[in-house]
Amino acid sequence: MKRILTIQDFSCVGKCSLTVALPILSGFGIETCALPTALLSNHTAFKSWSFDNLSRDIPDITAAWEREKIDFDGVYTGYLGAKELIEQVKDIIRRFNRGTVLIDPAMGDNGKLYAGFDAEYARANASLCALADVVTPNVTEASMILGREYKSEYDYEYLLSLCRGMADLGAKNVVITGVRKGDNIGVFCLIDGEVFEYYTAKEKTDLHGTGDIYSSALFGGIMRGFCLKESAVFACEYTKKAIRCTFLTDNPRTYGAGFEDCYEDIVNFVNTPKGKK
Ligand code: PXL
């Protein structure tokens with residue numbers, strides 16, 4: 001069984017980051033270790049929250065891992081929460097990773113950075129994205145990291161230039177998430193230097209934490225040996241279904257998407273015949 005490390009915040013309420021990544025990656029049959037970068041009462045799309053930056057704990061944690069000779073078959077990072085964590089995460093990847101790196105530079109959406117982040121934080125993420133085998137920004141994140149104009153209406157050339165910009169930073173493959181195309185939503189990717197796009201019908205409302213569901217499912221697929229395209233397609237379909245499942249319940253939308261209700265899709269995907277891999 002593959003052992004991976006995911007590094008993101010722990011939001012106690014409102015499914016996102018670790019509370020999404022842990023169950024999804026476990027569902028893929030992957031041993032999932034977790035390093036929380038910050039502890040929040042709830043994510044920052046609620047009206048208020050508490051926030052504790054855990055960067056002070058990281059030196060002791062990594063020293064213990066070193067003593068125990070712990071390492072990982074892959075590292076997946078998401079929302080971090082503070083600028084100093086970026087350098088710490090880069091150091092962890094260098095010291096403990098011996099496989100695939102997925103960087104989801106979670107920091108904003110719809111043209112705006114999340115509460116607590118500024119342009120300096122966005123730009124500082126560029127050097128982390130440089131370490132990625134796969135980087136999964138949305139259009140907002142890619143434009144902010146690259147210091148480019150954000151466009152809410154975009155075309156093929158704009159998306160391709162964002163991908164090339166991310167690749168120029170050093171990211172080997174780029175998956176731009178949450179890309180709108182008419183009534184559809186999906187991903188615009190640069191995989192091994194070639195464009196790949198995949199879209200599904202867009203559900204009626206945006207939901208919080210769906211980028212985390214996408215990246216977790218994508219990383220799960222990759223770590224179970226599916227190619228990046230196959231994993232990207234599955235992650236689109238799974239995210240869409242999780243959103244649809246949410247609307248079958250009366251759970252308030254801030255609490256996150258109902259990915260638990262379509263959990264069996266992960267197991268079915270993992271068991272897809274070998275030819276699909
Ligand atoms: O990836 C979304 C996310 C993760 N973690 C925290 C957040 C958000 C989005 O707002 O606030 C703490």
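Keep in mind it's a predicted model, so treat the numbers as computed, not measured. One-based numbering, in listed order, for ligands and for the atoms of each.
Here the heavy atom of the protein found nearest to atom 2 (C) of ligand 1 is D212 OD2, 3.5 Å. For atom 3 (C) of ligand 1, the closest heavy atom belonging to the protein is Y79 CD1, 3.8 Å. Given atom 11 (O) of ligand 1, the protein heavy atom at minimum distance is T44 OG1, 2.6 Å.
With a heavy-atom cut-off of 4.0 Å, H208 touches ligand 1 through its side chain alone. Of all the heavy atoms of D9, the ones lying under 4.0 Å from any atom of ligand 1 belong exclusively to the side chain.
Close approach of ligand 1 to S17 is summarised as follows: ligand atoms under 4.0 Å from at least one heavy atom of the residue are 4 (C), 5 (N). With ligand atoms numbered from 1 in the order given, ligand 1 contributes 12 (C) to contacts under 4.0 Å with heavy atoms of S11.
Atoms CG and CZ, from D52 and F10 in turn, are 13.5 Å apart once rounded to the nearest 0.5 Å. Note that the CZ atom of R253 and the CD1 atom of I243 stand 11.0 Å from one another [nearest 0.5 Å].
Y158 and Y154 have parallel rings, their planes meeting at less than 30° on a 0 to 90° scale where 60° marks the start of perpendicular. Under the 30°/60° scheme for interplanar angles, the aromatic rings of Y76 and F219 are found to be tilted.
Between the side chains of E84 and N53, at least one donor N or O lies within less than 3.5 Å of an accepting N or O.
Considering L5, T6, L18, T77 in turn, L5 is the only one that fulfils the side chain to side chain contact (heavy atoms under 4.5 Å, CB included) rule with L35.
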